[in-house]
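I'd like to ask some things about the structure below.
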Protein chains: 2
Amino acid sequence: MPKPDVGPTVALDLRVDRSSPVPLYFQLSRQLESAIEHGSLTPGSLLGNEIELAARLGLSRPTVRQAIQALVDKGLLVRRRGVGTQVVHSQVKRPLELSSLYDDLEAAGQRPATRVLVNTVVPAPAEVAAALGVPEGGDVHRVERLRLAHGEPMAYLINHLPTGLLDLDTDRLEATGLYRLMRSAGITLHSARQAIGARGATATEAERLTEPEGAPLLTMRRTTYDDTGRAVELGDHTYRPSRYSFEFQLLVRS
Amino acid sequence: MPKPDVGPTVALDLRVDRSSPVPLYFQLSRQLESAIEHGSLTPGSLLGNEIELAARLGLSRPTVRQAIQALVDKGLLVRRRGVGTQVVHSQVKRPLELSSLYDDLEAAGQRPATRVLVNTVVPAPAEVAAALGVPEGGDVHRVERLRLAHGEPMAYLINHLPTGLLDLDTDRLEATGLYRLMRSAGITLHSARQAIGARGATATEAERLTEPEGAPLLTMRRTTYDDTGRAVELGDHTYRPSRYSFEFQLLVRS
DNA sequence: GCCCCCAATATGTCCGGACAACCTGACTAC
DNA sequence: GTAGTCAGGTTGTCCGGACATATTGGGGGC
């Protein structure tokens with residue numbers, strides 16, 4: 001059994017602003033996180049005990065613990081009773097978020113473009129009705145979009161949404177992502193259930209994505225819920241696997 | 001803006017055992033979770049205010065809050081300041097875990113079988129060395145397995161592991177999953193970075209999975225780290241998309 | 001020299017209280 | 001009738017303290 005390597009204890013320049021409306025634990029948490037990100041806190045180094053840290057900052061121990069716990073939940077820190085709190089070695093990227101393809105691309109500096117192919121209201125097919133919790137045959141929005149990066153088709157996106165939640169303006173759909181539209185309409189996204197698979201391209205998909213028919217495609221079906229538990233969106237997306245893959249970080253919940 | 005529908009406040013039969021070594025907040029958390037799962041706490045219903053709940057159970061408010069917070073983090077509950085805590089409507093399945101295919105299949109009652117095709121030590125190729133953090137050309141385990149369900153090939157699994165962590169017995173590899181072996185060897189899995197994509201089957205993959213060459217396959221590459229940050233495993237897996245897809249739940253982190 | 005026990009140290013759990021911020025609904029003033 | 005105000009209720013934040021428990025390393029007994 002290899003002995004756990006314990007790095008040095010690091011002294012940091014931490015400060016909190018009591019006049020700020022930002023919660024103290026959050027201020028501390030953000031400072032620690034950026035210290036880790038910028039390398040001031042190197043992997044393996046000990047954070048120093050909570051009691052002393054609290055005294056140094058003029059905070060109570062529960063407040064310091066709350067700040068540290070937030071980072072433990074993010075997977076940046078590991079606590080060991082009797083040892084201390086240390087920075088994990090592996091570089092942790094963001095865990096999988098409920099993010100839109102549009103935001104992902106923009107964050108990667110790819111200047112995404114959207115072409116809206118269909119934007120209409122249709123009677124809900126059985127599968128869509130079941131996922132959205134609306135009556136079969138009732139009205140639902142249907143949106144088909146093509147997402148491009150650098151002028152190349154990247155994904156073909158079909159979405160169904162309940163009517164009355166949102167007005168789906170084609171111009172605005174081309175200017176930004178669907179999730180951003182929903183958020184700005186006051187919808188608080190809460191959770192999503194998704195399935196990722198693969199299959200050969202149908203004739204329609206092949207044409208839209210400029211791939212040969214039967215070419216391997218990456219598929220995702222996602223149902224998104226807001227914080228009241230309503231289904232607010234059903235997405236059926238196909239991606240060109242040469243252009244896109246799903247990457248994310250998983251944490252073990254202890 | 002639709003008014004948030006607030007269900008009835010529910011009275012529950014909750015108890016804590018102070019003589020138990022199980023933390024009180026955890027006892028309460030588990031009881032609430034099972035009440036939600038069993039339907040005693042219906043979606044939308046209010047949990048009752050924390051102060052009174054604490055008084056009723058003879059606990060302090062921080063302890064009750066800790067129990068509730070755990071369920072909020074799991075996405076089962078939603079708190080609203082000035083309103084109360086209520087059960088979310090959508091049925092939340094488990095969020096994506098760091099689980100092995102073996103466990104997934106077993107949980108689904110599929111009686112998985114494993115055929116070990118290769119179990120040897122090889123010099124680490126550059127890509128493997130970089131992912132595992134070992135010298136290029138140094139010794140690493142290489143394991144190739146075929147995972148079957150109901151006698152049908154389901155996935156072709158290639159794994160590389162650092163030497164010295166684990167003794168990889170072929171018989172035990174066929175009897176259980178790799179993650180279970182690692183856990184029983186005292187390795188605490190902490191996080192993993194994975195990428196999911198798709199591509200056409202190579203000749204070797206096609207033969208192993210009894211698919212035609214070029215058939216669409218679902219691919220996953222995963223690097224797993226233990227709680228000290230060491231990379232403990234690199235997996236390159238290919239799945240038959242007709243037999244397997246990745247399904248999981250995402251939560252928005254607020 | 002080896003092993004066991006124990007003290008020091010760190011986090012884990014729990015308490016009781018206080019005040020702030022926010023939401024809702026009812027009341028009041030116009 | 002409408003809009004603004006206020007009060008009550010709930011969660012959010014923070015404090016200071018207490019004891020429990022796991023880990024580690026050193027000292028004492030053998």
* Asked: With a 4.0 Å cut-off on heavy atoms, is Pro62(A) in touch with a base, just the backbone sugar-phosphate, or nothing at all?
  ->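 It contacts base atoms.
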* Asked: Where the side chain of Glu50(B) is defined as all heavy atoms beyond and including C-beta, which of dC15(C), dC14(D), dG12(D) is the nearest nucleotide?
  ->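 It is dG12(D).
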* **Donor/acceptor link under 3.5 angstrom from Arg61(B) side chain onto base of dG12(D)** =>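 Indeed, a donor on one side and an acceptor on the other fall under 3.5 Å apart.
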* When you measure from the side chain of Arg81(B), which nucleotide among dC15(C), dC22(C), dC14(D) comes out closest? ->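 Given the options dC15(C), dC22(C), dC14(D), the side chain of Arg81(B) is closest to dC22(C).
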* Measure from the side-chain heavy atoms of Tyr25(B) and tell me the nearest of dC14(C), dC23(C), dG12(D). =>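 Nearest to the side-chain atoms of Tyr25(B), counting from C-beta on, is dC14(C).
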* Heavy-atom donor-acceptor pair, Gln194(A) side chain to Met220(A) backbone, under 3.5 Å ->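 Side chain of Gln194(A) to backbone of Met220(A), a donor-acceptor pair under 3.5 Å: no, none is there.
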* Asked: Choosing from dT23(D), dC15(C), dC14(D), which nucleotide comes nearest the side chain of Leu24(B)?
  ->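 Minimum distance to the Leu24(B) side chain belongs to dC15(C).
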* To do: Could you pick out which residue, Gly82(B) or Pro23(A), lies toward the 5' side of DNA chain D when each is mapped onto its nearest nucleotide?
  =>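 The residue mapped nearer the 5' terminus is Gly82(B).
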* To do: Check whether any side-chain N or O of Arg80(B) sits under 4.0 Å from OP1 or OP2 of dC22(C), and answer yes or no.
  =>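 Negative; the distance criterion is not met.
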* Verify, without hydrogens or angle tests, whether Thr42(B) (side chain) and Gly39(B) (backbone) share a donor-acceptor contact under 3.5 angstrom. =>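 The answer is no, because no donor-acceptor pair under 3.5 Å joins these two groups.
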* Any Thr85(A) side-chain nitrogen or oxygen under 4.0 Å from OP1 or OP2 of dT11(C) ->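 Yes, because at least one side-chain N or O of Thr85(A) sits under 4.0 Å from OP1 or OP2 of dT11(C).
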* Asked: Using a distance-only test with no angle check, is there a side-chain donor-acceptor pair under 3.5 angstrom linking Glu233(A) and Asn159(A)?
  ->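 Yes, a side-chain donor-acceptor pair sits under 3.5 Å.
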* **Candidate nucleotides dC14(C), dC15(D), dT11(D), ranked by approach to the side chain of Thr63(B) - the nearest** =>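 For the Thr63(B) side chain, the nearest candidate turns out to be dC14(C).
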